> 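Below are the structure tokens for one structure; questions will follow.
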Amino acid sequence: MADYTECGEILLLHGNANARFEPQSAAADAAVKSAEPSSRLLVLTGPSGVGKGTVLQALLARYPQVWLSVSATTRPPRPGECHGGNYFFMDRRSFMDQVARGEFLEWAEFAGHAYGTPAGPIQARLRAGRTVILEIEVEGARQVRRRLPTAVQVFLRPPSMATLEERIRTRGSDSEDSIARRIARAREELTRAEEFNHVILNGNLNQAIADVDAVLQTMLQTASSRDGAPRQAHGSGVELTGDGRAGRGRSG
Ligand SMILES: Nc1nc2c(ncn2[C@@H]2O[C@H](COP(=O)(O)OP(=O)(O)O)[C@@H](O)[C@H]2O)c(=O)[nH]1
Ligand SMILES: Nc1ncnc2c1ncn2[C@@H]1O[C@H](COP(=O)(O)OP(=O)(O)O)[C@@H](O)[C@H]1O
């Protein structure tokens, strides 16, 4: 795909988006199962337009040590979005090649496009002791939960469907077709909110930021007290496992 703006040095910051998982092993599985209940990986999910990006913007400004994963997508860039900063934009063939090579921690179809989390950069950050956030839709979040049960999962919910639709429309980034797909998907996603560790209402924005902040602070405090203790094998409570072939689309 040629029609996007490069983010320049941001690409360097994100390193090799194509790095693979390590091969699955019984020892790695056991490491995940015995890992402590809190980890350095936070998954923020919830319907499109609920305010995930807005809440995260505020939190990332407060915690520069936290790293937000950059996803790959087949969706075309919106005006102002850049490659390597907002997303790694790619055509479907390249995306599916990366799926086949096991390079995504998870991936899912959403409103006609594919979205996936490159595994390598996350593994590198976790090993370096960083806290990592994924901002992904619900199916992908479920896949992460299956593979990394210690990841902390936050579901952001809107006060109502009417408010959600209003937010998507006010944002002004989506076509009518895209809005309709997002609303239909949101109805389904909202029925799955209770699967997540924390369900946070985004009615009042400052309150929602404070609520997600509280979850993140607990993670950061746990991580820093753990850093005083003898280091674990890879410096985080989480090890990525599996052969990289995360569950497909909406299955399971
Ligand atoms: N499963 C998955 N979902 C993602 C990923 N990256 C973004 N998403 C989600 O895909 C949905 C659509 O994203 P996008 O097209 O940017 O629209 P927006 O979030 O409504 O602005 C949102 O719910 C995102 O959180 C990813 O790597 N994996
Ligand atoms: N609590 C809130 N009250 C009112 N508007 C909000 C609130 N949270 C987010 N918004 C607005 O809703 C729109 C969608 O938010 P966004 O962060 O893009 O959602 P998401 O990342 O979940 O798709 C944006 O225009 C944002 O400014």
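Only heavy atoms go into these numbers, but all of them, side chains included; no hydrogens, no water, no symmetry mates. Every value quoted in this text rests on a predicted model; they were computed, and no experiment measured them. Both ligands and their constituent atoms are indexed starting at 1 by order of listing.
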> Nearest to atom 17 (O) of ligand 1 by heavy atom, Glu81, His113, Arg182: which?
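That would be Arg182.
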> Specify side chain, backbone, both or neither for Ala208, according to which of its non-hydrogen atoms lie closer than 4.0 Å to ligand 2.
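Neither part.
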> Taking the non-hydrogen atoms of Arg171, is any one of them nearer than 4.0 angstrom to ligand 1?
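A heavy atom of Arg171 does come that close to ligand 1.
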> Identify the protein heavy atom lying closest to atom 16 (O) of ligand 1, giving its residue, its atom name and the separation to 0.1 Å.
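Ranking protein heavy atoms by distance from atom 16 (O) of ligand 1, first comes Tyr87 OH, 2.6 Å.
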> In this structure, does ligand 1 have an atom that sits under 4.0 Å from one of the heavy atoms of Glu139?
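Under 4.0 Å: no for Glu139.
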> At what distance is the nearest protein heavy atom to atom 8 (N) of ligand 2, and which residue and atom is it?
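Ranking protein heavy atoms by distance from atom 8 (N) of ligand 2, first comes Asn202 ND2, 3.1 Å.
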> Nearest to atom 1 (N) of ligand 1 by heavy atom, Gln143, Arg75, Glu137: which?
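Residue with the shortest heavy-atom distance to the ligand atom: Glu137.
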> Does any N or O atom in Arg171 lie less than 3.5 angstrom from one in ligand 2, N or O only?
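Yes; the residue has a nitrogen or oxygen that sits under 3.5 Å from a nitrogen or oxygen of the ligand.
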> Identify the protein heavy atom lying closest to atom 4 (C) of ligand 2, giving its residue, its atom name and the separation to 0.1 Å.
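Protein heavy atom at minimum distance: Arg167 NE, 3.7 Å.
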> Taking 4.0 angstrom as the limit, do Arg181 and Glu137 come out as a salt bridge?
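The answer is no: the pair does not qualify as a salt bridge.
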> Please state which protein non-hydrogen atom is closest to atom 25 (O) of ligand 1 and give its distance, to 0.1 Å?
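For atom 25 (O) of ligand 1, the nearest protein heavy atom is Glu135 OE2, 2.7 Å.
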> Taking the six-membered ring for Trp, are His198 and Phe155 closer than 6.0 Å centroid to centroid?
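No, too far apart.
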> Side chain of Arg40, backbone of Gly129: donor and acceptor closer than 3.5 Å?
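Yes.
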> Does Arg145 make a cation-pi contact with Phe196 (under 6.0 Å, within 45 degrees of the axis)?
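Pair Arg145/Phe196 counts as cation-pi.
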> Determine whether Phe95 and Tyr115 satisfy the following criterion, ring pair (Phe, Tyr, Trp, His ring centres under 6.0 Å), listing intermediate values before the conclusion.
CA-CA 9 Å; Phe95 188 98; Tyr115 296 78; 8.2 Å; no
> For atom 27 (O) of ligand 2, grab the closest protein heavy atom and report residue, atom and distance to one decimal in Å.
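Nearest neighbour among protein heavy atoms for atom 27 (O) of ligand 2, to 0.1 Å: Thr54 OG1, 4.0 Å.
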> How far is atom 19 (O) of ligand 2 from its nearest protein heavy atom, and which residue and atom name does that atom have?
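So the nearest neighbour among protein heavy atoms is Gly51 N, 3.1 Å.
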> Do the side chains of Glu176 and Arg169 get close enough for a salt bridge, i.e. N-O under 4.0 angstrom?
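Arg169 and Glu176: salt-bridged.
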> Counting non-hydrogen protein atoms only, what is the nearest one to atom 20 (O) of ligand 1? Give residue, atom name and distance.
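Answer, as residue, atom name and distance: Ser48 OG, 2.4 Å.
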> Would Val152 end up clustered with Leu60 when hydrophobic side chains under 4.5 Å apart are linked, directly or stepwise?
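Same hydrophobic cluster.
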> Any salt bridge linking Arg78 with Asp174? Criterion: basic side-chain nitrogen under 4.0 Å from a carboxylate oxygen.
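Counted as a salt bridge, because a side-chain N and a carboxylate O are separated by less than 4.0 Å.
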